[in-house]
Amino acid sequence: KQEVTQIPAALSVPEGENLVLNCSFTDSAIYNLQWFRQDPGKGLTSLLLIQSSQREQTSGRLNASLDKSSGRSTLYIAASQPGDSATYLCAAPGQNFVFGPGTRLSVLP
Amino acid sequence: EAGVAQSPRYKIIEKRQSVAFWCNPISGHATLYWYQQILGQGPKLLIQFQNNGVVDDSQLPKDRFSAERLKGVDSTLKIQPAKLEDSAVYLCASSLLGTSGYNEQFFGPGTRLTVL
């Protein structure tokens, strides 16, 4: 049974810092891993999808890596901005999609 | 391209009442998911449809929750009777395929349910 954890649970940084969010999963036999952003009271917005054959994906200031052997994925955010403040969730498929609890990010101006 | 549509956006009911949520997925997406997200937690899958058929409903409380997907397009999720612990955001998502292959999920805005 797939289990997904995320560290840290919450993070507060000053604007401009580079930061790393971590996602761990127990079943490494996954086809892909997806990172989402969720703003308060809103649905989820897809940020990046990494296929199992890929090691990383990049979109703008975001870079996500995947290491299936160790059961880990990281989301790197460069030059953080106040608009990046949100909860970031990762999801890995098992029998179905399993979400982590999320990392709540606050970027202070 | 239109996204995943959900209605209503908000619903407040008394316990033991019934409620229904509606979802219209992205056109052409074969797979539709209903998730329950309790405040402070990640979404939990309730049910997954592939076209008309149910792929996974192992976490759906079948004594009170039901869902259907007519003609492989729109879907409704019903709760009857509602309990206080059902207060949550109900999210609908769709993807081209299932959990294998290229299957990026796209989410609707969700329905926030409050049970009093």
Quiz prompt | chain A-proximal positions within residues 108-116 of chain B [heavy-atom distance under 4.5 Å] | solution = B:G108, B:P109, B:R112
Quiz item: Closest approach of A:L89 and B:G42, non-hydrogen atoms and distance?
Solution: CD2-CA, 3.8 Å
Quiz prompt | Heavy-atom neighbours of A:K68 NZ exceed 12 at 6.0 Å | solution = yes
Quiz item: In terms of heavy-atom proximity below 4.5 Å to chain A, should B:Q105 be classed as side chain, backbone, both, or neither?
Solution: both
Exercise. Would you give the length of the straight line joining atom CZ of B:F107 to atom NZ of A:K42, rounded to the nearest 0.5 angstrom?
Key: 16.0 Å
Quiz item: If you count the non-hydrogen atoms of other residues, nucleotides and ligands that lie under 6.0 Å from CG in A:L108, is the total more than 12?
Solution: yes
Quiz item: Is B:L60 linked to B:F21 within one hydrophobic cluster, defined over Ile, Leu, Val, Met, Phe, Trp and Tyr using a side-chain heavy-atom separation of less than 4.5 Å?
Solution: yes
Quiz item: Do B:I79 and B:I38 belong together in a cluster built from hydrophobic side chains that touch within less than 4.5 Å?
Solution: no
Quiz item: In the single-linkage hydrophobic clustering (I, L, V, M, F, W, Y; side-chain heavy atoms under 4.5 Å), do B:V89 and B:W34 co-cluster?
Solution: no
Quiz prompt | Any residue meeting side chain to side chain donor-acceptor pair (under 3.5 Å) with B:S94, in chain and number order, not counting sequence neighbours | solution = B:H29
Quiz prompt | Region of A:Q6 in contact with chain B, defined by heavy-atom distances below 4.5 Å | solution = neither
Exercise. Treating Ile, Leu, Val, Met, Phe, Trp and Tyr as nodes and any side-chain heavy-atom pair under 4.5 angstrom as an edge, say whether A:L62 and A:L33 lie in one connected cluster.
Key: yes
Quiz prompt | Connected via hydrophobic side-chain network under 4.5 Å: B:L91 and B:L32 | solution = no
Exercise. For chain B, find which of A:G41, A:G43, A:S52, A:G100 contributes the most heavy-atom pairs closer than 4.5 angstrom.
Key: A:G43
